[in-house]
Amino acid sequence: MTLELAALVADASPFVTGERSDGTVLPDYFDGHRVLGNPALLTRVADALARRVQQVGADFVAGEATAGSSLAVAVSLASLRHGGGTPSRIVRRESKPYGVTGILGTGVPPGSSFALVDDVAGTGASLERSTRRLRRMGHRVVGAWVIVDRHAGAAERLARLGVPLSALLTLDQIKSARTASTA
Ligand SMILES: O=C(O)c1cc(=O)[nH]c(=O)n1[C@@H]1O[C@H](COP(=O)(O)O)[C@@H](O)[C@H]1O
């Protein structure tokens, strides 16, 4: 299952040269939007994540804009197929000053539990930011789920916060799948 998924993801999303938010250039930048924009692959990924989230249980599935929040919507939809029906929310970086203001919008009772999702875990800075933001609002984060873990410190960083990280794939698995397909 993992090898097959790695091959599908490798095929859908060729690595590009990309810059991290701290300015570091990565020659193997993974563009998660190539997975999010592929309906068959997104369905598969969202199903796998929804199954894992369902095992832990959360009131909401949420992510930061844009990849995380898009994935949260897909996982929420997929949760209907896995005995759930978990609603999704965007964790905004800043409170919207107009319309529905606030970080999460409306309809989130105090003390709610959240499953965080994102396309990629690198250093874990993004998931830590969301975790801290939700906790400041009095909510709980039961875990973080990503499509790809780059193994760049995210699991350790989140563990220090008491948030377990689960990934469908590692970057190395995608690289191996790519090598195998070109051999
Ligand atoms: O910046 C990254 O490390 C990164 C690497 C990569 O291969 N693909 C990728 O999308 N990213 C971005 O990095 C974010 C996570 O990085 P960290 O906050 O360092 O964990 C993701 O939400 C992406 O915006």
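Counting convention: from 1, in listed order, for ligands and their atoms alike.
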Q. Just checking, is any N or O donor in the side chain of Thr170 or Asp172 under 3.5 Å from an acceptor N or O on the other one?
A.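 Short answer, no.
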
Q. Would you call Arg160-Glu156 a salt bridge at under 4.0 Å N-O?
A.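 Here Arg160 does not pair with Glu156 in a salt bridge, since their nearest N and O are not under 4.0 Å apart.
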
Q) Is Glu64 touching ligand 1 with its side chain, its backbone, both, or neither, if touching means heavy atoms under 4.0 Å apart? A)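 Under 4.0 Å from ligand 1, Glu64 contributes no heavy atoms.
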
(Q) Heavy atoms only, cut-off 4.0 Å: how does Asp31 contact ligand 1, side chain, backbone, both, or neither? (A)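 No part of Asp31 is near ligand 1 at this cut-off.
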
Which of the numbered atoms in ligand 1 are under 4.0 angstrom from any heavy atom belonging to [X]?
X      : answer
Ala125 : 17 (P), 18 (O), 20 (O)
Asp118 : 22 (O)
Phe30  : 6 (C), 7 (O), 8 (N), 9 (C), 10 (O)

(Q) Within the supplied structure, the quantity of interest is the number of heavy atoms (other residues, nucleotides, ligands) at a distance under 6.0 Å from Leu3 CG; does it exceed 12? (A)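 Counting other residues, nucleotides and ligands, CG of Leu3 stays at 12 neighbours or fewer.
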
What is the closest protein heavy atom to [atom], and at what distance does it sit?
atom                    : value
atom 16 (O) of ligand 1 : Gly122 N, 3.6 Å
atom 18 (O) of ligand 1 : Ser126 OG, 2.6 Å
atom 3 (O) of ligand 1  : Arg20 NE, 2.7 Å

Q.
Can you check which of Val120, Leu165, Thr24 brings a heavy atom nearest to atom 15 (C) of ligand 1?
A.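 Comparing heavy atoms across Val120, Leu165, Thr24, the nearest one to atom 15 (C) of ligand 1 lies in Val120.
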
(Q) Under the side chain to side chain contact (heavy atoms under 4.5 Å, CB included) test against Val117, which residue among Val146, Leu127, Val61, Val45 passes? (A)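 Filter result, single survivor: Val61.
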
Q.
Quick check on Gly124 - does any of its heavy atoms sit under 4.0 Å from an atom of ligand 1?
A.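 A heavy atom of Gly124 does come that close to ligand 1.
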
Q: Would you check, one step at a time, whether the test side-chain contact (heavy atoms from CB on, under 4.5 Å) holds for Phe30 with Phe15?
A: CA-CA 5 Å; Phe30 174 78; Phe15 290 138; 4.2 Å; yes

Q: Considering non-hydrogen atoms only, spot the tightest contact between Arg52 and Ser166 and give its length.
A: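 In this case the closest contact between Arg52 and Ser166 is NH1-OG, 2.9 Å.
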
Q) If every non-hydrogen atom of Leu42 is compared with every non-hydrogen atom of Leu36, which pair is closest and at what distance? A)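 Result for this residue pair: CD2-O, 3.3 Å.
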
Q. Can you find an N/O atom of Tyr29 closer than 3.5 Å to an N/O atom of ligand 1?
A.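 Yes; at least one N/O pair falls below 3.5 Å.
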
Q | N or O pair under 3.5 Å between Leu127 and ligand 1 | A |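 No.
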
(Q) Go through it in stages, so that I can follow the logic: the residues are Arg150 and Asp28, the test is salt bridge (charged side-chain N to carboxylate O under 4.0 Å, His left out), and I'd like the CA-CA distance, side-chain angles, deciding distance and then a yes or no. (A) CA-CA 10 Å; Arg150 294 189 62 96; Asp28 53 6; 2.7 Å; yes

